[in-house]
Amino acid sequence: MSATLIKDVKDKFVETFKADPLLVFSPGRINIIGEHTDYNDGFVFPAAVDKGIAAAIQKSDSGHSTAIALDLDSTINFELDKLKPSKEGSWENYVLGVVAELQNRNIVVGDFNIIIKGNIPGGSGMSSSAALENSVVFGLNELFKLGLSKHDMILISQKAEHNYVGVNCGIMDQYASMFGIKNNALHLDCRTVESKPYEINFKDHQLMLINTNVKHSLSDSAYNDRRSACESISELLDVKALRDATEADLETIIDKVTPANYQKALYVIQENNRTVKAAKAIEDGDLETLGALIYQSHNGLSTQYKVSCDELDFLVEQAKKNKHVLGARMMGGGFGGCTINLVAKSEAKAFAETASKAYKNKFDKACSVYFIQLSDGTHLVRQTY
Ligand code: GLA
């Protein structure tokens, strides 16, 4: 958690609304392996990180509600009985969407003011959106004593994303952001929405992110298209979700699907299996195997599921050239954002430098390197400054 972020939203809140706010921190997430498996009822392996969204929130008696995004210097005023989605792609929909979902469930909240500020680079694939949604629902739950469980809250956040943002996301991001445990990754079963924590101590290796600093357009529609493709194939297979299918099952319908969709479904089935194998490798401290699974995951995402891009593929190729990197892959929805790398601690900086230089030469733009800490999920911040 960043103390500076908390201080910034608190100071601004006191200055703007002359009231003492509740303070919430909600983290972004990484994902070790298990990409695009969550909406197929499969397994994922995320962890909350030490970057996220700080929110200051308090009731309002002005007759309307106000939300301020401090880093964007953007303010909206809204009335709770007249909610509607704002323009596509705006930060406002994450806030308004959460309030609308509460109302859809007949949960009553009063007017409120909220100020948010974050340090997750937009489009990095570290899920600033889930962090924001969770900060809003968590803050409102505390403020209006709604009695929602964490499970209730993440479902509300997810629905906000479906209905107001227009991305039919799975549950991984909201879960990891809400339930994160310091120094642990969560092996999450997205069907039962229950996870097993794994303490992550890779001894002389560590996880490192490299951000391509690109986010190619159309990624939202490509995401939704892939989800629909998976759902139509499960229907053909007469299973609830691809999680229930095997490669042999898929063979039986090979003539009924396009080769492209066949590869996508095959990827999901294989990635789900890889995620289970990765949990075992972590348990056994077998980093070579974990790394190999991570490379295979990228290969599937790039060549079968087709959600990578030149910049991500290039960074993974750089990793493959370096024997101190055991595994690397794109992370999150795809079409830009970060790669996650499993790299020897003693060589991490050198690899980061070489990869950054090569990236600059190739694309004439800089990538960014993040060393992250695995952290606790969404929580109230009690200290005052
Ligand atoms: C995005 C979505 C998640 C998940 C990942 C891909 O981050 O929000 O639900 O599907 O993409 O694994």
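Just the heavy atoms: all of them, side chains too, but no hydrogens, waters or symmetry mates, feed the values below. Since this is a predicted model, take the numbers as computed values, not measurements. All ligand and atom numbering here is 1-based and tracks the order in the structure. Sequence positions, counted from 1, serve as the residue numbers for this chain.
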Tell me whether E271 is salt-bridged to R274, with the criterion being a basic N under 4.0 Å from an acidic carboxylate O.
yes
Answer side chain, backbone, both or neither: which part of R29 comes under 4.0 Å from ligand 1, heavy atoms only.
side chain
Of all protein heavy atoms, the one nearest atom 7 (O) of ligand 1 is D173 OD2, 2.8 Å
Step by step, work out the salt bridge (Lys or Arg N to Asp or Glu O under 4.0 Å) result for K277 and D286.
CA-CA 11 Å; K277 285 185 191 152; D286 180 358; over 6 Å; no
Atom 9 (O) of ligand 1 [closest protein heavy-atom partner, distance rounded to 0.1 Å]
D38 OD2, 2.5 Å
Closest to atom 10 (O) of ligand 1 among protein heavy atoms sits Y223 OH, 2.6 Å
Lys/Arg-Asp/Glu bridge criterion (N-O < 4.0 Å) met for K196, E283:
yes
So, regarding N31 and ligand 1 (criterion: nitrogen or oxygen to nitrogen or oxygen, under 3.5 Å), is there a contact or not?
no
When you check the side-chain N and O atoms of Y39 and N168, is any donor under 3.5 Å from an acceptor?
no
Under 4.0 Å from a heavy atom of H36: which atoms of ligand 1 are those, numbered in the order shown and with their elements?
6 (C), 12 (O)
Which heavy-atom pair separates K264 from Q304 by the least distance, and what is that distance?
CG-O, 3.6 Å
Of all the atoms in ligand 1, which lie at a distance below 4.0 Å from a heavy atom belonging to Y39?
10 (O)
Which atoms from ligand 1 have a heavy atom of G332 less than 4.0 Å away?
6 (C), 11 (O)
Check ion pair K357-E353 (N to O, under 4.0 angstrom):
no
Under a 4.0 angstrom heavy-atom cut-off, which atoms of ligand 1 come close to G170?
9 (O)
Are S368 and N213 linked by a side-chain donor-acceptor pair shorter than 3.5 Å?
yes
Enumerated ligand 1 atoms positioned under 4.0 Å from heavy atoms of M172:
4 (C), 5 (C), 12 (O)
